[in-house]
Each structure stands twice: as C-alpha cells, then as structure tokens.
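Throughout, a chain's letter reflects where its sequence line sits, starting with A, and its residues are numbered from 1.
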Amino acid sequence: MVKIATWNVNSIKARLPNVLAWLTAAEPDVVLLQELKCQKEGFPRLEIEALGYHYAMVGQKSYNGVAVLSKQPLEDPLARLPGAEADEQARYLEVTTFGIRVASIYLPNGNPPDSEKYPYKLAWMERLRARAQALLASERPFALGGDYNVIPAAEDCYDPAAWADDALFLPDSRRQFHALLNLGLTEAFRALHPGLRAYSYWDYQGAAWQADHGIRIDHVLLSPQAADRLVACAIDKSPRGEPKASDHTPVICELAA
DNA sequence: ATGGTTGCCTCGCAA
C-alpha cells in the first residue's frame, strides 16, 4: 500500500509545527505540498528529513513553491510544467517515487477574472492537459495532486451562487478541468465517494470553518494504471481545526502495492 | 455593510 497525500500548507515556515505533527500522526508515504512561500534555503529540510522523508522542492520568494516528500528516494525531477519556458512561477514539480510518477501542482488562482490572471490560469490548465496526455502515452501509473483552484461541480461548494463569478467556479475553469479528466484520468475522491459533500478549503474570513462554508479544490487525478490500484481516498479535516491552521486540509489516497 | 483573515517582510499584494 502506498499512501499519497496532498496539502496546500500556506507557508511551510508558518506551518512547520502543524506539518510535522500531521506527518507523525498520519504517516503518509508520499506528500505533495503547495504554497511553500519560500526559496530553497528557507525550506526546513532538517526537520522534514528527521521524520524519515526524502524531499524535492521548487521554491520562490514569498509566493507559490511546491514540494514532494517521500519515504523512498525521488528520481527524475521535472521542476516546471512544459510549454512556457519563460514562466518563472514555482507551481509544478514532478518526480518518480515508489514506482509512481507524481506531480505536486499549484494551479493559478485566476482572480480577478477580468485581469490577465484568468487567461494565465486557463493557459496553464491547457499546458497541464498536454503534459497529462504525454504521461498517459507512457501507460505507467501516475498521480497529479495538488491545489487545482477549481471547484469541479456545484456539490463541491457550500453555496454555488456565492462563487458563480469566481475564477475557481467559472464555466471555462470547470470545462478545462473536465477536459483534463476526459483524457482518461480518475479524480480519486469523487470516484470513490459519488455525491458526498466534502470540502478541502475554508476561507480564513467570516468564520467559514466554523460555519462549514467550504469548497473542494484540492484533488488527486490518477492515470488508469494508478486508478486500478485505488483503494481509498479521504479528506482529513482535523488539521484545519488546529491552532494556526492552513486554510486547506490534506487529501489522502491509498494505492494497492 | 465594498466589510473581513492570513502570510509575506512592505508600508500593498495575493489568496
């Protein structure tokens, strides 16, 4: 069994005690982290390695930044999403571990939709689709996990009307997300829990956590060869209720060995 | 009701 988790930690430095406590309790084999908000030298590698994890990361000052932690070594890192060589935003890291190709994804937020940020988001999603297509041709198991900044459907949102004009829920965002799935990928949580209302993000503002005003935007997409091994997928709400929590909580899936 | 929360490390921006 391989336990793969994804978690947007909203600053690895601010979140370090929470992250270390959760790794110790949940014991995931592979962890995809997003929004590190630091460069390589600021990454708390000693503390992570002390828990038995190898790691790879791509950093950026103050914004973005993604990492992969694994109980086994990481091979063949790809530190950027192909298709825009001038793009300096640290939002993509792909490695091989446990014999599985995994990517940690921090998809652009895209707000406000009338700014240049929205076309950047859609173009980034098109690049991701092209990358997924190339990976599918390998016919090997892979998992693309992270903060997709997309609410796939109305049932993934406490109040769809409140999000109607948001870049996370606009039709073009959802269309592009479903185009990705339609390549033949399996969205692990929804595949195992059709119709279940569950969220992975609650805004810091307006007591959203206490009111359960959440959205489900953190996803793990599996290739057919990985989906055949999928035995469980869950959202672990407990870290969101801790002091100094990230606004996101981990999503975990288990693949048979 | 144009509010409110968090993190970065600037005096605003991004989420």
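- Using modelled atom types, no side-chain atom of A:T186 and backbone atom of A:A227 make a donor-acceptor pair closer than 3.5 Å.
- The backbone N or O of A:F189 lies less than 3.5 Å from no partner atom in the side chain of A:R216, so there is not a single donor-acceptor pair.
- Within the 3.5 Å criterion, the main-chain N or O of A:L33 finds a donor-acceptor partner in the side chain of A:S104.
- Mapping A:A245 and A:N64 onto DNA chain B by nearest heavy atom places A:A245 closer to the 5' end of the strand.
- With respect to the salt-bridge test (charged N to carboxylate O, under 4.0 angstrom), the residues A:E155 and A:R190 qualify.
- Each of A:N149 and A:K244 has a nearest nucleotide on DNA chain B; the 5'-most of these lies closest to A:K244.
- Only the P atoms considered, B:dC9 is 26 Å distant from B:dG3, to the nearest whole Å.
- Scanning residues 111-120 of chain A for heavy-atom distances under 4.0 Å to DNA chain B yields A:K117.
- If you check residues 201-214 of chain A against DNA chain B, the residues with a heavy atom closer than 4.0 Å are A:Y204, A:Q205, listed by number.
- Although no hydrogens or angles enter the test, the distance criterion places a donor-acceptor pair under 3.5 Å between the side chain of A:R91 and the main chain of A:Y106.
- Side-chain atoms of A:S115 and A:Y120 include no donor-acceptor pair closer than 3.5 Å.
- A side-chain N or O of A:N111 and one of A:D166 form a donor-acceptor pair less than 3.5 Å apart.
- B:dT2 and B:dC8: their P atoms are spaced 30 Å apart (whole Å).
- Cation-pi geometry between A:R174 and A:F169 is satisfied (NZ or CZ under 6.0 Å from the ring centre, within 45° of the ring normal).
- Salt-bridge annotation for A:R80 and A:E85: present, with a side-chain N of the basic residue lying under 4.0 Å from a carboxylate O of the acidic one.
- A salt bridge links A:D87 to A:R127: at least one charged side-chain nitrogen sits closer than 4.0 Å to a carboxylate oxygen.
- For B:dA15 and B:dG4, the C1' atoms lie 13 Å apart once the distance is rounded to whole Å.
- Heavy-atom contacts of chain A under 4.0 Å fall on DNA chain B between two terminal nucleotides, which in 5' to 3' order are B:dG4 to B:dA15.
- Annotation: cation-pi pair A:K37/A:Y63 absent, no NZ/CZ under 6.0 Å from the ring centroid and within 45° of its normal.
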